[in-house]
S.K.: 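I have a structure here, written as structure tokens, and I will follow up with some questions on it.
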Protein chains: 2
Amino acid sequence: MNIAEQLDKINRQLTAKGYKLTPQREMTLEVLLENEKDHLSAEEVFMLVRQRFPEIGLATVYRTLELLAELSIVQKMNFGDGVARFDLRMDGQAHMHHHLICKVCGALEEIKDDWLTDLEQRLAREYGFQVTDHRLDFTGVYQTCRNNNEPCKRTGKAVS
Amino acid sequence: MNIAEQLDKINRQLTAKGYKLTPQREMTLEVLLENEKDHLSAEEVFMLVRQRFPEIGLATVYRTLELLAELSIVQKMNFGDGVARFDLRMDGQAHMHHHLICKVCGALEEIKDDWLTDLEQRLAREYGFQVTDHRLDFTGVYQTCRNNNEPCKRTGKAVS
DNA sequence: ATGTTTGCAAATTATTTGCAGCAAA
DNA sequence: TTTGCTGCAAATAATTTGCAAACAT
């Protein structure tokens, strides 16, 4: 599914709920679609959208992201660095992908497999809890990073 | 292990790194120990500590929590409500407990089992990634809550 | 003496809100 | 012509920082 098609689909989702796909919203979605791999903060989205739509206001980006999160079109996340990050969530996936966060190089890799179906069934059985979503992040170190044992380029933090 | 013993242990951890267990830090730790089940925000910790040590400043609580997180004595977490929450992490557990977050009643249940050892071995093998920590939260609904289908008492949010 | 820790107040950062104008149904 | 959507500026909320005083080693 290419970007135009995806936009079209989202447009239908919006209209179905009585919202409009304004130029601002469209540009925001384009940025999200083009950077599907990253986990952009509102500020980052803002700066990227601005490049193609300079009149846009930061508040609009926030409002758009909030709306999209409300409709489960994007996923709002928190990695503990004090900024909310946003991720497209295509084909109404019930589940998030997982993350590997390397303490050395700061890399944030995504794992698309869903490893938790068994656990979720167990939760339903043993805890009477019906899972609708989950979040699974691993912190650690890549072997390759452990070798060249230097502090992280981004944060400057030492390997712990 | 009772509270006095735990404090003692933490005291040794602090001294080992050249930090002191000041009265403020001790009171903060007591509050954390007594509320091990909750996930308190800095503000909540502050208000509880204040009851027994009224002179304490909010900044001190923040600094203490940050220090304790640095030393892996507490775990700093984010559940997406815009506040950082803190949890004691006894016996240097390598791993966090997991969470069940009910969308109806807002309950936040802890699951102490570690269900991810298999996955972590797989990550080491297949991705060359050595896990040091992880985070696993499930969002969903308790069966019992689904029945009385009312919005959440805390947040007022409707069941989705 | 030296360096740590504290309380307070001020600063910073991320996010939200009030409001007047504009645009679309 | 009502309602939604926007940009701007101001407000809020959480957290951090500067600083001088108190404390501990």
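Atoms considered below: every heavy atom in the structure, side chains included; atoms not considered: hydrogens, waters and symmetry mates.
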S.K.: From the set C:dT4, C:dT15, D:dT16, return the single nucleotide nearest to any side-chain atom of A:Ala84.
M.R.: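 My answer, after comparing the listed nucleotides, is C:dT15.
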S.K.: With a 4.0 Å cutoff (strictly under), does any side-chain N or O of A:Tyr62 reach OP1 or OP2 of C:dT16?
M.R.: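 Checking A:Tyr62 against C:dT16: no side-chain N or O falls below 4.0 Å of OP1 or OP2.
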S.K.: Can you identify which nucleotide, out of C:dT5, D:dT15, D:dC5, has its nearest atom closest to the B:Ala42 side chain?
M.R.: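 Of C:dT5, D:dT15, D:dC5, D:dT15 is nearest to the side chain of B:Ala42.
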S.K.: Round to the nearest Å and state the distance from A:Asn78 atom CG to C:dT15 atom P.
M.R.: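 Nearest whole value for this atom pair: 8 Å.
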S.K.: Rounded to the nearest Å, what distance is computed from the CG atom of residue A:Leu21 to the P atom of nucleotide C:dA25?
M.R.: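 It works out to 12 Å between those atoms.
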S.K.: Picking from C:dT15, C:dT5, D:dT6, which would you name as closest to the side chain of A:Leu58?
M.R.: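 Of the options given, the side chain of A:Leu58 lies nearest C:dT15.
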S.K.: Checking contacts here: which listed nucleotide (C:dT16, C:dT15, D:dT25) is nearest the side-chain heavy atoms of A:Glu66?
M.R.: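 When the side chain of A:Glu66 is considered, C:dT16 is the closest of C:dT16, C:dT15, D:dT25.
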S.K.: Picking from D:dT15, D:dT17, C:dT6, which would you name as closest to the side chain of B:Ala59?
M.R.: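 For B:Ala59, the side-chain atoms sit closest to D:dT17.
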S.K.: Would you say the rings of B:His99 and B:Phe138 are close, in the sense that their centroids are separated by under 6.0 Å?
M.R.: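 Between B:Phe138 and B:His99, the centre distance exceeds or equals 6.0 Å.
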S.K.: How many whole angstroms separate atom CZ of B:Phe46 from atom P of D:dT16?
M.R.: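 Answer to the nearest Å: 15 Å.
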S.K.: Nearest-Å distance, CG (A:Leu67) to C1' (C:dT15)?
M.R.: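 Whole-Å distance recorded here is 16 Å.
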S.K.: In this structure, how many angstroms lie between the P atom of D:dA14 and the CZ atom of B:Arg63, rounded?
M.R.: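 To the nearest whole Å, that distance equals 19 Å.
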S.K.: May I ask you to say whether B:Arg85 pairs ionically with B:Glu44, meaning some side-chain N is under 4.0 Å from a carboxylate O?
M.R.: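 Result for this pair is yes, salt bridge flagged.
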S.K.: Quick one: is the NZ or CZ of A:Arg135 closer than 6.0 Å to the six-membered ring centre of A:Phe79, and within 45° of its axis?
M.R.: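 Cation-pi check for A:Arg135 and A:Phe79: passes.
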S.K.: Please give, in whole Å, the distance from D:dT25 P to B:Leu14 CG?
M.R.: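 Spelled out: CG on B:Leu14 to P on D:dT25 is 13 Å.
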S.K.: Would you say C:dT6 has OP1 or OP2 under 4.0 Å from some side-chain N or O of B:Thr22?
M.R.: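 So the side chain of B:Thr22 is within the cut-off, an N or O lying under 4.0 Å from OP1 or OP2 of C:dT6.
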S.K.: Expressed in angstrom and rounded to an integer, what is the separation of A:Met27 atom CE from D:dG7 atom P?
M.R.: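 Going from A:Met27 (CE) to D:dG7 (P), I get 12 Å.
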S.K.: Please classify the nucleic acid contact of A:Glu43 as base, sugar-phosphate, or nothing, using heavy-atom distances under 4.0 Å.
M.R.: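 No contact.
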S.K.: Name the closest nucleotide to the A:Gln24 side chain, picking from D:dT6, C:dT16, C:dT4.
M.R.: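 When the side chain of A:Gln24 is considered, D:dT6 is the closest of D:dT6, C:dT16, C:dT4.
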S.K.: Which one of B:Thr60, B:Leu67, B:Val61 satisfies the side chain to side chain contact (heavy atoms under 4.5 Å, CB included) criterion with B:Arg25?
M.R.: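 Of B:Thr60, B:Leu67, B:Val61, side chain to side chain contact (heavy atoms under 4.5 Å, CB included) with B:Arg25 is met by B:Leu67 alone.
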S.K.: Would you kindly give the CG-to-P distance between A:Leu40 and C:dT15, to the nearest whole Å?
M.R.: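 A:Leu40 atom CG is separated from C:dT15 atom P by 13 Å.
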S.K.: Who are the side chain to side chain donor-acceptor pair (under 3.5 Å) partners of B:Gln13, not counting sequence neighbours?
M.R.: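 By the side chain to side chain donor-acceptor pair (under 3.5 Å) rule, B:Gln13 matches no residue at all.
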